[in-house]
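To start, the structure under review is shown below, and the notes come after it.
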Amino acid sequence: MGSSSGLVDWRGRPVDTKKHGGVRASIFIHMLVWLSNVANIGNMTNLVSYLNGRMNMGVAQASTTSTGFVAMMQVFTIPAAFLADSYLKRLYTILFFAPVQILGYIILAIQAHVPSLHPAPCPAGAGANHPPGICEPVHGGNLSLLMLGLYLICVGEGAVRACLPALGGDQFDEADAAEQRQAASFFNWYTFAVSLGAFVGLVLVVWVQDYRGWDAGFAVCAAVVLLGLLVWAAGIPTYRNKVPAGSPITRIMQVLVVAFKKRNLQLPSNPDELYQPTEHDSLTGHEILQRTPGLKCLDKAAIVEHGSSSGGGNGGGRGAWSLCSVWQVEETKIVARMVPIFLTATLGYMPVSVILTFTVQQGNTMDTRLGRIRVSPAMLFAIPTVFQMAILVVYDRAVVPALRRATGRVGGVTHLQRIGVGFVFSMAACAVAAAVEARRRSVSSPTVPMSVFWLTPQFFLLGVVDVTSFVGLLEFFSSEASDGMKSIGSSIFYCMVGLAAWLNTMLIELVNRATRRAGAGGGWLDGADLNRSRLDRFYWLVCGVELVAFVAYLLFAWRYVYRNDQRVAADGGVHQHDDMKPASAGVDLGQF
């Protein structure tokens, strides 16, 4: 977010707040968010069916490949954000990488259309004991082509996800009271655009893939993303753009290395004797951060040793790897303070990943009829999506203004409070999923009579998780990051989602090994027959992990002090309650 000062238009000229930024610019950004998620979420929720049904992968391999695809998409946001914050503008990063995503969908469409590029369909009724060669999974060059298409999508979508939230935040000046309130709504409407994209994707893309063929489905995905890119590009003249100020990762590494070198030195009694920001730092577009208490071990990187020169751009005569400025140390502290929230929130997001991974496979064993209509299990995600969109509108238009008046906070509640509410609903979703799965197994038969709509309660609870935790985490990591690493702040959130998916995969493997040793008949999630698994027990295990993570999260959230003031700004850009503690004050994580 931040002030409009230091921002430029697409030609590199200082922005005019009457012509650039604001709600008008954010509409173009929301359009790309919406259309890219039509393709991405519609494809992602149905990918297991494609890998299992068209590429002949087993249940375990299809689930692992799908989970890896989701995780890699989130993790690639990190290098993309690094490029955007360090060398390229967020604008140019999106322009360069979004076409890569379109190319990935085109490759998948070609592979699905050409029979020689995918395995022959399994014979009707072929099961696990079919003769060798009858139902051969994709392999060799065709497998490589499949993975190429999937990972090109990861590269393109990862870059878009990393840059769009930060680019949207740049469009609002939080020193301005009106724009501050607009900025608080930006992430609510960002999430609404994601949900709207998910709904259209689940209705349109999944239907096309199921009834018009996978080749047509992937082609539609490519066309939709291209349309979104063109609409977003039409808004380029209206955007406020942050000029890259060098690599934040390099700056953080410099602080860690220099602090380690000076670990035996004593901090001066007067903090002003530490190496202070210079005029060069301001001219290069760095955010000048004031020193905060806590993490004093990092402050040692700013100790000016006797005989060293304080001249030069950054770090004096001995270089940036020997002396760091106070603002650079503070940038590193910001990241260090977010680490406990990142770790506990990652565990907190595991139930979302687990439920989304297994729901389609559960649905495939249930009665999917709605009257005479067959409902694809993947389309069930549309139900909580509609609920989520409705809640987001009510929350942003009615709940937030009421809470804002009551608490004096821009968003009504703090980011971490909103995340905590999501934790509770995430645990509830996992518990409900366990109970539903236990019932599904108890009534299972060759033709399972239980309706697939029994899965909807857990979907509703996941919708609440997205309204609370999804928005809260995205706001938290984006707003708390320094100006020089806003894209990385957004990517940290998506990396957290990807890490949760990987932890889910690892937990599945560990549980299978442990339960295989403990009893006969294989592990809880072994084999291709879900009716023989103990998915209900696995859900309860995840609930237990979630409870432990929630207790840890409450501890870290209680001790966290925000870098950015979340109180409503008074007209004229002056924050209310100026006699209170400065928002830049940090928590001393050294006490943990």
Side-chain angles (χ1 to χ4, degrees), residues 1-2 7 10 20-41 44 73-85 88-102 153-172 182-198 201 224-242 244 392 466 470-471 473-479 481 483 485-498:
M1 311 211 182
L7 300 176
W10 68 287
H20 304 103
V23 174
R24 180 180 59 172
S26 69
I27 290 174
F28 293 103
I29 295 172
H30 287 137
M31 287 296 293
L32 179 55
V33 174
W34 168 45
L35 291 171
S36 65
N37 278 284
V38 168
N40 176 52
I41 297 181
M44 188 164 55
M73 183 182 297
Q74 321 303 344
V75 170
F76 188 78
T77 59
I78 293 290
F82 171 76
L83 288 174
D85 283 341
L88 300 173
K89 289 189 181 77
R90 289 153 194 158
L91 177 76
Y92 296 135
T93 304
I94 296 172
L95 278 176
F96 179 80
F97 283 103
V100 175
Q101 178 184 5
I102 297 172
I153 294 172
C154 291
V155 169
E157 177 64 19
V160 170
R161 290 187 175 200
C163 296
L164 283 180
L167 181 64
D170 288 340
Q171 309 312 308
F172 303 97
Q182 293 168 358
S185 293
F186 171 78
F187 286 105
N188 287 330
W189 289 106
Y190 183 97
T191 307
F192 181 88
V194 173
S195 300
L196 182 60
V224 168
V225 176
L226 176 59
L227 176 61
L229 182 60
L230 293 176
V231 173
W232 172 85
I236 288 177
T238 70
Y239 298 145
R240 302 173 186 175
N241 300 285
K242 175 70 177 176
L392 276 169
D466 277 344
F470 184 95
V471 182
L473 285 163
L474 194 55
E475 283 183 315
F476 173 75
F477 288 119
S478 297
S479 64
D483 284 351
M485 51 187 305
K486 289 293 184 184
S487 296
I488 291 180
S490 302
S491 69
I492 287 174
F493 163 70
Y494 285 112
C495 184
M496 182 209 77
V497 176

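Numbers for residues simply follow the sequence, beginning at 1.
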Restricting to side-chain hydrogen bond (donor to acceptor under 3.5 Å, both in side chains), what partner residues turn up for Asn188, sequence neighbours left out? Asp396, Arg418
Once side-chain hydrogen bond (donor to acceptor under 3.5 Å, both in side chains) is applied, do any residues pair with Thr77, and if so which ones, sequence neighbours excluded? none
Within-4.5 Å side-chain heavy-atom neighbours: Phe82 and Ser491: no
Please walk me through it: do Phe470 and Phe493 pass ring pair (Phe, Tyr, Trp, His ring centres under 6.0 Å)? CA-CA 9 Å; Phe470 184 95; Phe493 163 70; 5.1 Å; yes
Taking all atoms of both residues into account, what is the closest heavy-atom pair of Ala481 and Gly489, and its distance? CB-CA, 4.0 Å
Measuring from atom CG of Leu167 to atom CZ of Arg240, what distance do you get when rounded to the nearest 0.5 angstrom? 11.5 Å
Quickly, which of Phe186, Phe192, Trp232 forms a ring pair (Phe, Tyr, Trp, His ring centres under 6.0 Å) with His30? Name it, please. Phe186
Considering all heavy atoms of both residues, which atom of Ala193 and which atom of Val33 are nearest to each other, and what is their separation? CB-CG1, 3.8 Å
Quick one: do the Gln171 and Arg24 side chains pair a donor with an acceptor below 3.5 Å? no
Spacing of CE belonging to Met73 relative to SG belonging to Cys495, to within rounding of 0.5 Å: 14.0 Å
For a quick test of reading the model, state the closest non-hydrogen atom pair linking Gln101 to Ser36 and the distance between them. NE2-O, 4.5 Å
Listed by chain and number, what are the ring pair (Phe, Tyr, Trp, His ring centres under 6.0 Å) partners of Trp34, not counting sequence neighbours? none
Side chains of Leu392 and Trp189: closer than 4.5 Å at any heavy-atom pair? no
For a 4.5 angstrom cut-off between non-hydrogen side-chain atoms, does Thr238 reach His20? no
Gap between atom CG of Leu227 and atom CG of Leu35 - 0.5 Å precision: 5.0 Å
Ignoring hydrogens, what is the shortest heavy-atom contact between Pro165 and Phe187? Give both atom names and the distance. CB-CE2, 3.9 Å
I'd like to check Leu88 versus Phe96 (side-chain heavy atoms, cut-off strictly below 4.5 Å). Are they in contact? no
Does any non-hydrogen side-chain atom of Asn241 lie less than 4.5 Å from one of Asp170? no
Closest non-hydrogen atom pair between Phe76 and Ala159, with its separation: CD2-N, 4.3 Å
How long is the straight-line distance from CG of Leu32 back to CD1 of Ile27, given to the nearest 0.5 Å? 14.5 Å
Shortest non-hydrogen contact from Tyr239 toward Ala25: CE2-O, 3.5 Å
Can you tell me if Ser478 uses its side chain to pair, donor with acceptor, with the backbone of Glu475 under 3.5 Å? no
Heavy-atom check, side chain of Val160 versus side chain of Asn40, under 4.5 Å: no
Kindly compute the distance separating CD1 (Ile94) from SG (Cys163), expressed to the nearest 0.5 Å. 5.0 Å
Leu226 CG to Ile102 CD1 distance, which is reported to the nearest 0.5 Å: 4.5 Å
pair Val155-Phe97: side-chain heavy atoms closer than 4.5 Å: yes
Quick one: are Ile236 and Leu95 in side-chain contact, heavy atoms under 4.5 Å? yes
Worked check of side chain to side chain contact (heavy atoms under 4.5 Å, CB included) between Gln74 and Arg161: CA-CA 8 Å; Gln74 321 303 344; Arg161 290 187 175 200; 2.8 Å; yes
